[in-house]
There are 2 protein chains.
Amino acid sequence: MARNSTDTKEKLLDAFEILLDEHGTSGATLDAVAAKAGVSKGGLLYHFGSKAELIKGSLERLSRLVDDDVESMKSAGDRLHLYYLETSAEVGTPLDRSLIAANCLSQENADAKNALRKTREAWFDVLNDHLGDPDMAMTIQLIGDGMYFNQNFGLSQDEALAHVKNVLARLGL
Amino acid sequence: MARNSTDTKEKLLDAFEILLDEHGTSGATLDAVAAKAGVSKGGLLYHFGSKAELIKGSLERLSRLVDDDVESMKSAGDRLHLYYLETSAEVGTPLDRSLIAANCLSQENADAKNALRKTREAWFDVLNDHLGDPDMAMTIQLIGDGMYFNQNFGLSQDEALAHVKNVLARLGL
DNA sequence: GTCTATATTGCGATAGAC
DNA sequence: GTCTATCGCAATATAGAC
């Protein structure tokens, strides 16, 4: 049993995002989310009064995770662009899970589309500040998008990352 | 009024894919597909006996469009990799529409996931045969995936393509 | 704060007329 | 080959007990 409201809300958001990732929008019903979080549907609706609020809660948490990630990138120093690509290939982190969930939602939700657009802009700015080269910043971001996109249908990105690093080496990166 | 069964089936697949692209899986109901194609729900279900068959029909058509596209790529000669990236940035073609639809479906449909995986394998093989360089083939494919991914939330890919071409020029491509 | 029960709507699918 | 009418079910949301 959750000790306070915040814990239960986090558990509900976790369940919502996992169900989105694994079964898509149609699998993330209020019944399924409540069951996965270990509460009843009435319990869920006490914390998030409607499905729209659940979506809003997920996108707000994504925004916080992205802010944290941007700070982590800045801490990577010279390896910033490599850190970006390595984390693009990562699976199963809270940020990754939230991003996949937002991508699912973006199919039919304008707020989710906007959240993803803003996320990309934040990452591009950091990459571009670091590299001082919009051509390379855009190219690296697209490669990261590509690796992220491919997770969707279960392709391992370790091999992809190795290929990309060979190409970056030819470019002096 | 359609002159034959084939025309009506194509119109239904068009309507299905347009609704998937514009409103996601939850927007592509049988009622909505039938209405957009200008027939009744009963009329739709005469041609496709269930939603599963409608999905199957869409994925089969995608497979044919991909086969055609692979032939077009091979006809592009030395520019094959550039042709690939330029068409990755394209919006509104029958192939593009079918791909976006399959991506929507892949969220909750294993067949759609497999169709997209097979599509990527076919494109990688063509790129790799042409370039004779798995590192570059994979990198270019990821960039194409990235541009495709970004269409989803309404970003123009013309600028992205220009940046990428500048980087490819540094690599002698 | 969490529960059960229920109202309401909308979807996929069937039946049968034309 | 296309239609209308309808059944059964699942999903969101509400009401009210504990």
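In what follows, every chain begins at residue 1, and chains take the letters A, B, ... in the order their sequences are listed.
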Show the nearest heavy-atom pair for residues A/A32 and A/G27, with the distance to one decimal. CB-O, 3.6 Å

Which atoms form the tightest heavy-atom contact between B/Q157 and B/A89, and what is the distance? CB-CB, 3.7 Å

Could you check A/E86 against A/K165 for side chain to side chain contact (heavy atoms under 4.5 Å, CB included), going step by step and ending with a plain yes or no? CA-CA 10 Å; A/E86 284 158 6; A/K165 283 186 174 177; 2.7 Å; yes

Side-chain touch A/N103/B/Q107, heavy atoms, less than 4.5 angstrom: no

Atom CG of A/L12 to atom P of C/dC3: distance rounded to whole Å? 10 Å

Once you round it to whole Å, what is the distance between P of C/dA15 and OH of B/Y46? 17 Å

What I want to find out is whether A/R97 reaches A/D14 closely enough, with some N-O distance under 4.0 Å, to be called a salt bridge. yes

A/L19 CG to D/dA11 P: how many Å, rounded? 12 Å

Tell me: CG of A/L44 to P of D/dA11, nearest whole Å? 14 Å

Could you tell me whether A/E121 and A/R117 make a salt bridge, using a distance below 4.0 angstrom between a side-chain N and a carboxylate O? yes

Among residues 50-57 of chain B, which ones have heavy-atom contacts with DNA chain C below 4.0 Å? B/S50, B/K51

Which nucleotide in the set C/dG1, D/dT12, C/dA13 lies at the smallest distance from any side-chain heavy atom of A/H47? C/dG1

To the nearest Å, give me how far apart CZ (A/F48) and C1' (D/dA11) are. 19 Å

Rounded to the nearest Å, what distance is computed from the NZ atom of residue A/K41 to the P atom of nucleotide D/dA11? 8 Å

With a 4.5 Å heavy-atom cut-off, do A/E90 and A/D96 have their side chains touching? no

Near-strand residues of residues 21-36 of chain A, defined as heavy-atom separation under 4.0 angstrom from DNA chain D: A/T29, A/L30, A/D31

dist A/H81:NE2 -> A/I143:CD1 (nearest 0.5 Å) comes out at 10.5 Å

Using a strict cut-off of less than 4.0 Å between a Lys/Arg side-chain nitrogen and an Asp/Glu carboxylate oxygen, indicate whether A/E17 and A/K36 qualify as a salt bridge. no

Rounded to whole angstrom units, what separation is found between the NZ atom of B/K9 and the C1' atom of D/dT2? 15 Å

